[in-house]
Structure formats: structure tokens, C-alpha cells
S.K.: 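Following this message is one structure expressed as C-alpha cells.
Because the structure is a prediction, the values reported are computed rather than measured. So you know, we letter chains A, B, ... as the sequences are listed, proteins then strands, and number each from 1.
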Amino acid sequence: MSWKNAFNSSVGKKIQMSLTGLFLILFLLVHCYVNAMIFYNDGGEKFTEAAHFMGTNIVIRITEIGLFAFLILHIVQGLRLWMQNRKRRNTRYAVSAGNATSKWYSRSMGILGTLILLFLILHIQAFWAPNRFSQTTGNGELDLYGMMRDAFQNIVVVVIYIFGCISLAWHLVHGFFSAFQTLGLAMNKYKGIIKSVGVAFSIIIPLIFALMPLAFYLHWIQ
Amino acid sequence: MEHYNMNLTLKVWKQKNTNEKGRFETYHVKDISSEMSFLEMFDVLNEQLIAEGKEPVAFDHDCREGICGMCSMVINGRAHGKWEQTTTCQLHMRAFKDGETIVVEPWRASAFPVIKDLVVDRQSFDRIIQAGGYVSVNTGNAVDANAIPIEKHMADEAFASAACIGCGACVAACPNASAMLFLSAKVSHLAMLPQGSPERKERVMNMVNQMDKEGFGSCTNIGACEAECPKGISIENIARLNREYLGAMFDGGSKNAI
């Protein structure tokens, strides 16, 4: 039993999806906490302070490399699972059981994940990439608060962000519980609480994220 | 329950052999009693086809008591039909209305090639079981039932997992055509008992590897298997299987695994 086998076996793949997924869930929590500082409505003072810490602290920066590594692993294995699993049934059913036996979002993790990936490319390109580029080329950190305020005056951008948050929410409804199920923890008395916490997390975090562009667009915060 | 007769239109999958392409054939059956089982309705259809000089529909069946795991039909998109925790042979015609059209398909999965019509080759399941190896059960004189103490609730859970009849409805229902529910039930029922414990690490590794080799899909925790299982096997077994696999993966005990 080699590590390569563990990496490629069906259970090995889902353990990777689960562990990287849990790490990404933790990231969402931190990202949401830091960005929610815009709601102090203090002209971005507290937010900029937090963003400065996140952008310059050595521990955070090293963790960031890990974050990208895990994100890429999650995407690669997710897409592999999606493609391989599609090939396991060559003749499709004439009548589908549809929602009678399973939830649509559980069957659509590949599509939901791809939507989030497309959103992520736009999102990273708009904020993270220019900021890090400016930092590494010696021009210092950018005014992220000002960039957000400007970007979210455009209704198209706001709609894309809200759509991204909705995709994330449905992805999480399945993903949160599934991560614990895969690690063998979603059993007996824990099953119910993991399901409930997962649904609450899937609603609250994407909702806070979605409120950010909306708050700028509607001038709730200046 | 009120008895009634019905006339039905059946769209049944006909396929000559593994290599040939299949298609749907439409049949009409008359005066089907609501008290018949689904397979008895197929017997009526086949008698009718034989009388007409046509080829009957091939389908798997054996005990017709819901315990052997041979019957295997996807009825209107549902493995073993829409009744919960019921095999096709225990599905009764009172589940249908007069004049209804019923679509009947075989289990569809690359690891279950169609042999003929509704009969599929499920020997991949046998090979997964074989990959699990043996359990040490003493033969000879009957051993005292309480010679090995087993906690009551563990015995009950192991029994619930052992209820799996290996029919393959989980594979048929899974959008990924994964055999994980079957595999997890088999791994669970042995892992939870002291008789199965000595070889548990090699067993889980070898059985998962064999499942992947047979061309089943990967489990993504969708849960359709649990909804369709005629024996009510819970996906908690899959959680347990994952835990067994994780334990074996990080432990030297799995070095004997193939």
C-alpha cells in the first residue's frame, strides 16, 4: 500500500477533498471576519489595519502559500472526481430519479465548484493579485478599501459577487456535512449537530460576504 | 386494501447481449391484479410473449422473498421501484394505477455490464468480497454462544450492516455508480465484531482497491444509495469505512495489503 495508491484510490481522493475543504472553510471564516470590519463604517480604518496585518505577517503569508496549494489540490481532485465519475455509467437512465432520492446540490458539486472557480479568478484578479504585485515590486500595499468602494459602484460587479456567494452557499450545504462524513465523524449523536451547523454556516458566511458589495452599492457604508 | 385489476403499458429494456446496443420495447399487459408482485406481472407478460411466439424478457430473480438480492430492476427511474426498503419482488402492483406506463431498465453501471435485457453481471461484487479475504471462524463442535463477549449495541449494529443482500441497488441509484454503500456494509459488519478484527486493516485496503479496479465510481456523499437500499443500510457505514481506511492508511498493519 503506497502513498501514491492512497492519493489515487477513491477513498483517498475523498479524504483529500474533505481535508482541503475543511481548510478552505476555516479560510472563509477568517476572510469573512477580516472583511466584515468594513461594517464599522469608519472610512475603512479598522479594515485597513487588519488587511495590513494579513498582508504583511510572515505566518499569514506562509499559510497563504498553503492555502493556494490546498485550493489547487481541491480543484484538481474535484475535477478528476467529476470527470471520472461521469464515465462510470455509459448508458444513462431513460427516467431519472431526480430529487426523489437525493438533493440537487449534492449531485451538482462539480458545476457549483466550477462556478466558484470562475468567480475566484475574477475576484483574485481584482483584489489579491494587484495588491501582492504592488507589494513585491516595492510600491507598497494598495488601498483595498478604496478599491472595493470603487469596484462595487458597478451593478454588474455586484451581481457577479452575489451570484458567486449563492454558488458558494449551495456548495457549502453539501460540502460542510460531507467533509465530516468523509472523515468518519458524522455518526450517531454528532450527525444532527454537524448537519445543523453546516446549514447555518452555509447561510451566514455567504450572506455576510454578499452584503459587502451590496452595502457599498447602496451606500450603507461610505 | 381494495383489490383492482389494471391494464398497463410497459417500456422494457431489451438487449441481446453485452456487446449489442439495447433499446426499449413497448408491451401491453391486461387484467393485472393489484395483489400481484412486480415479478409476477413480468411472469404474466412472459407467458403472453411465449404464447405469441415472441422472445420473453430476461430478468433476474430467485427467492422472491426479498432476501436473496437477485432481483434488479430500475422502475420509473427508481431502483427496486418507489416503495421504500423494498426489493422488486416485494413491490406489489397496488403501487401502480390502471392505464399507467411503466419504464423498466436494468441496473446501469459500467461495472455491471448487461448480460441480456434486464440481467446484469454483478460478479464484480463477488470479487470485492473475495478481496476481503477470510475471517477466522472455528469449525467443529458448536462454540458456546457467549464464548466471545460482544457488546449488545455493537452486535445490533453489525447485524444491521450484515443485512446487506448485495443486490447492487446502491450502485444503480448512485449518480457516480459507486459501490461504496455495499462495500461499507461488508467492511463494517466484520470490523465491528471481534471475529473480524484481526484482518480488518488489510481487508479495508484490499476491498477498496478491488472496488476501484472493477470500475465503480467514487463516493461523493450524495446519499441516493441510502434512499434506495432495500435493506435500509445507512450511509453511517460509509463514514465508518472511511475511518477504517484512514486508520489502515496511517498504520503499518496495512503493509500486507496488495
S.K.: Quickly, which of B/Asn209, B/Asp212, B/Val208 forms a side chain to side chain contact (heavy atoms under 4.5 Å, CB included) with A/Val11? Name it, please.
M.R.: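 Filter result, single survivor: B/Val208.
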
S.K.: Do B/Trp13 and A/Thr91 make a side-chain contact, defined as non-hydrogen atoms from C-beta onward lying under 4.5 Å apart?
M.R.: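 Yes, their side chains come closer than 4.5 Å.
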
S.K.: Do A/Lys14 and B/Cys219 have side chains that approach each other closer than 4.5 Å (heavy atoms only, starting at C-beta)?
M.R.: yes

S.K.: Chain A heavy atoms under 4.5 Å from B/Glu244: which part of the residue, side chain, backbone, both or neither?
M.R.: neither

S.K.: Need one label for B/Glu236: side chain, backbone, both or neither, based on atoms under 4.5 Å from any heavy atom in chain A.
M.R.: both

S.K.: In Å and rounded to the nearest 0.5 Å, what is the CG to CG distance from A/Leu19 to B/Leu246?
M.R.: 7.5 Å

S.K.: Below 4.5 Å, heavy atoms only, C-beta onward: do A/Lys191 and B/Ser234 meet side chain to side chain?
M.R.: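 Yes, close enough: below the 4.5 Å cut-off.
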
S.K.: Do you know which of B/Ser178, B/Ser110, B/Ala227 has the most heavy-atom pairs under 4.5 Å to chain A?
M.R.: B/Ser110

S.K.: Where on B/Cys174 is there a heavy atom nearer than 4.5 Å to chain A: the side chain, the backbone, both, or neither?
M.R.: backbone

S.K.: In Å and rounded to the nearest 0.5 Å, what is the CZ to CG distance from B/Arg243 to A/Leu183?
M.R.: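 Interatomic distance, B/Arg243 CZ to A/Leu183 CG, rounded to 0.5 Å: 10.5 Å.
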
S.K.: With a 4.5 angstrom heavy-atom cut-off, is it the side chain or the backbone of B/Phe24 that approaches chain A, or both, or neither?
M.R.: side chain

S.K.: State, yes or no, whether a side-chain contact exists between B/Tyr245 and A/Ser9 at a heavy-atom distance under 4.5 Å.
M.R.: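 Side chain of B/Tyr245 against side chain of A/Ser9, heavy atoms only: contact under 4.5 Å found.
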
S.K.: Taking side chain as everything from C-beta outward and backbone as N, CA, C, O, which of these in B/Val171 sits under 4.5 Å from a heavy atom of chain A? Side chain, backbone, both or neither.
M.R.: backbone

S.K.: At a heavy-atom separation under 4.5 Å, does B/Ala172 approach chain A through its side chain, its backbone, both, or neither?
M.R.: both

S.K.: Which residues in residues 201-214 of chain A have a heavy atom less than 4.5 Å from any heavy atom of chain B?
M.R.: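 None at all.
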
S.K.: Just checking heavy atoms, which of residues 161-181 of chain A are less than 4.5 Å from chain B?
M.R.: A/His174, A/Ser178, A/Gln181

S.K.: A side-chain contact here means heavy atoms from C-beta on lying under 4.5 Å apart; do B/Arg108 and A/Arg92 qualify?
M.R.: no

S.K.: Rounded to the nearest 0.5 Å, what separation is found between the OG1 atom of A/Thr182 and the CD1 atom of B/Ile238?
M.R.: 9.5 Å

S.K.: Taking everything shown except B/Glu84 itself, do over 12 heavy atoms lie less than 6.0 Å from its CD?
M.R.: no

S.K.: Looking at A/Gly12, A/Gly98, A/Ser96, A/Ala97, which makes the most heavy-atom pairs under 4.5 Å with chain B?
M.R.: A/Ala97

S.K.: Roughly how far, to the nearest 0.5 Å, is the CG atom of A/Asn85 from the OG1 atom of B/Thr220?
M.R.: 6.0 Å

S.K.: Check whether any side-chain heavy atom of B/Ser218 sits under 4.5 Å from a side-chain heavy atom of A/Arg88, and report yes or no.
M.R.: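 No. Closest side-chain heavy atoms not under 4.5 Å.
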
S.K.: Pick one of side chain, backbone, both or neither for B/Ile235, based on which atoms fall under 4.5 Å of a heavy atom in chain A.
M.R.: both

S.K.: If I compare all heavy atoms of A/Ser102 with all of B/Ile222, which pair ends up nearest, and what's the gap?
M.R.: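 Reported closest heavy-atom pair: CB-CG2, 3.5 Å.
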
S.K.: Heavy atoms only, distances under 4.5 angstrom: which of B/Gly22, B/Cys225, B/Gly215 has the most pairs with chain A? Name it, please.
M.R.: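 The candidate making the most pairs under 4.5 Å is B/Gly215.
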
